Amino acid sequence: MFTSTGSSGLYKAPLSKSLLLVPSALSLLLALLLPHCQRFFVYDLQAVKDDFQIWRLICGRIICLDLKDTFCSSLLIYNFRIFERRYGSRKFASFLLGSWVLSALVDCILVEAVWYSFGITASRNLPSGFLAPVFALFVPFYCSIPRVQVAQILGPLSITNKTLIYILGLQLFTSGSYIWIVAISGLISGVCYNSKMLQVHQVLCIPSWMAKFFSWTLEPIFSSSEPTSEARIGMGATVDIQRQQRMELLDRQLMLSQFAQARRQRQQQGGMINWNRLFPPLRQRRNINYQDGQRSEQQAPPPLEVSEEQVARLMEMGFSRGDALEALRASNNDLNVATNFLLQQ
């Protein structure tokens with residue numbers, strides 16, 4: 001349900017696996033067996049300011065003392081493991097470190113702003129845990145993960161592969177009275193780091209020697225084996241989306257094999273391929289129920305409108321205008337599929 005891309009599991013995501021296991025285990029340990037030790041992990045900015053307990057900026061921002069926050073943040077980290085797979089563990093760790101440090105500064109600013117503006121003391125009520133970097137990861141999630149519609153409800157409203165993740169983030173956002181301060185600071189730090197503002201990505205990063213050290217010592221412990229029972233199909237948010245992608249992949253392979261057969265016939269007979277005879281266009285498959293398997297040419301729908309811009313792009317690749325028009329009509333104006341057809345000639 002919460003997978004946005006790639007295979008399930010934690011393959012090629014050792015840092016995400018460690019963030020799932022270690023803080024969650026410590027959170028359960030403190031809640032069930034060592035409740036008297038929880039005071040050492042309270043995120044208390046007032047104590048940092050008055051008593052110079054700087055260590056609370058570290059201990060108070062690692063382990064969640066609320067099990068609901070632990071559960072929600074763990075699910076989000078599991079989903080956001082895709083960024084570790086995309087960028088590598090070192091870059092992913094640098095993003096988490098940068099957003100973690102920046103959000104501590106933004107927390108102090110927001111707490112003071114709330115005090116001076118509304119007279120509300122929030123410095124002793126901030127939630128503990130590794131929450132700000134989790135909210136910061138919503139920035140690259142929003143910017144770089146494409147939306148795939150899963151279902152449409154109530155007219156213009158639709159459910160996408162990202163809807164459940166946003167709902168889970170909203171649940172975490174509303175889990176406490178002052179968690180919105182941590183959430184806003186995380187989003188601000190995520191925007192600053194993701195946009196490379198003030199070159200913070202070069203200052204707050206994991207050194208190469210440290211990355212090599214942890215890769216040698218900790219990666220063998222938290223690494224996961226590659227799943228063998230899943231097809232490599234790229235993007236897919238749910239089982240339904242993955243099944244649809246597999247069908248589209250098989251559909252494209254079938255059309256390419258049909259095209260190869262027609263190409264051989266054209267080499268024997270000469271002339272231009274009749275694309276619409278070769279490929280019943282995708283638009284017809286959606287609207288026509290083939291009961292007898294064939295339809296007469298007189299009952300065929302009128303030719304599909306073809307974008308001149310796409311025709312020009314295919315002609316720039318060296319294809320003739322006639323082949324470009326027929327390929328785009330047969331592929332329902334899908335430029336990638338039309339290009340694949342033409343390249344197989």
Side-chain angles (χ1 to χ4, degrees), residues 15-81 92-93 95-115 118 120-139 165 167-190 192-193 204 222:
L15 179 58
S16 300
K17 186 175 182 179
S18 64
L19 291 175
L20 282 173
L21 296 179
V22 177
S24 299
L26 292 176
S27 179
L28 287 172
L29 183 64
L30 289 173
L32 301 178
L33 301 178
L34 301 172
H36 57 281
C37 296
Q38 289 186 350
R39 65 180 186 275
F40 297 110
F41 298 93
V42 174
Y43 186 26
D44 190 348
L45 287 181
Q46 193 66 38
V48 174
K49 179 181 177 181
D50 297 340
D51 303 329
F52 298 101
Q53 297 180 2
I54 307 299
W55 53 271
R56 289 193 180 275
L57 292 175
I58 300 176
C59 296
R61 305 179 71 242
I62 295 178
I63 302 174
C64 292
L65 299 181
D66 191 332
L67 293 181
K68 297 191 302 296
D69 294 347
T70 302
F71 178 74
C72 291
S73 60
S74 297
L75 287 178
L76 289 172
I77 290 174
Y78 178 77
N79 175 79
F80 292 147
R81 77 199 185 283
F92 183 66
F95 180 91
L96 295 178
L97 174 64
S99 59
W100 188 72
V101 173
L102 287 175
S103 60
L105 177 61
V106 180
D107 282 344
C108 297
I109 296 175
L110 290 177
V111 165
E112 293 297 324
V114 169
W115 165 252
F118 307 103
I120 299 175
T121 303
S123 56
R124 294 188 180 275
N125 301 296
L126 295 180
S128 303
F130 196 71
L131 299 177
V134 173
F135 284 107
L137 285 168
F138 274 98
V139 177
I165 308 303
I167 292 176
L168 188 60
L170 182 62
Q171 170 66 32
L172 184 61
F173 182 83
T174 57
S175 63
S177 300
Y178 295 99
I179 195 173
W180 61 269
I181 295 179
V182 177
I184 292 176
S185 66
L187 293 173
I188 293 175
S189 61
C192 293
Y193 201 94
L204 300 174
F222 294 105

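What you see below is based on every heavy atom in this structure, not just the backbone, and it leaves out hydrogens, waters and symmetry mates. All of these numbers come straight from a predicted model, not from anything done at the bench.
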Give me the atom names and distance for the closest heavy-atom approach of [X] to [Y].
X	Y	value
C64	S73	SG-OG, 4.3 Å
C72	L172	CB-CD1, 3.9 Å
L102	C192	CD1-CB, 4.2 Å
C59	F40	CB-O, 3.6 Å
S99	S189	O-OG, 3.4 Å
L137	F92	CD2-CE1, 3.9 Å

task: For side chain to side chain contact (heavy atoms under 4.5 Å, CB included), just list the numbers for I165 and F138, CA-CA rounded to whole Å, side-chain angles, deciding distance to a tenth of an Å, and then say yes or no.
output: CA-CA 9 Å; I165 308 303; F138 274 98; 4.0 Å; yes
State the [atom1]-[atom2] distance between [X] and [Y], to the nearest 0.5 angstrom.
X	Y	atom1	atom2	result
W180	S185	CH2	OG	10.0 Å
F95	L97	CZ	CG	11.5 Å
L20	L75	CG	CG	8.5 Å
H36	L30	NE2	CG	9.0 Å
Q38	L29	CD	CG	10.0 Å
L168	L76	CG	CG	4.0 Å

message: Could you check whether any side-chain heavy atom of V48 comes within less than 4.5 Å of a side-chain heavy atom of Y43, counting everything from C-beta outward?
response: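 Side chain of V48 against side chain of Y43, heavy atoms only: no contact under 4.5 Å found.
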field: Heavy-atom side-chain contact between F130 and P23 under 4.5 Å
entry: no
Is a side-chain N or O of [X] found less than 3.5 angstrom from the main chain of [Y], in a donor-acceptor match?
X	Y	result
S128	F41	yes
R81	K17	no
W115	S123	no
S24	L21	no
R124	Q46	no

query: Hey, which of D69, T70, D66 is the one that makes side-chain hydrogen bond (donor to acceptor under 3.5 Å, both in side chains) with S27?
result: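 The residue from D69, T70, D66 that satisfies side-chain hydrogen bond (donor to acceptor under 3.5 Å, both in side chains) with S27 turns out to be T70.
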message: Pair V111, Y178 - check side chain to side chain contact (heavy atoms under 4.5 Å, CB included), show working.
response: CA-CA 10 Å; V111 165; Y178 295 99; over 6 Å; no
task: Show your reasoning for whether side chain to side chain contact (heavy atoms under 4.5 Å, CB included) applies to L96 and L19.
output: CA-CA 11 Å; L96 295 178; L19 291 175; 3.5 Å; yes
query: What residue among V182, L126, I181, L105 forms side-chain contact (heavy atoms from CB on, under 4.5 Å) with L110?
result: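 The option that passes is I181.
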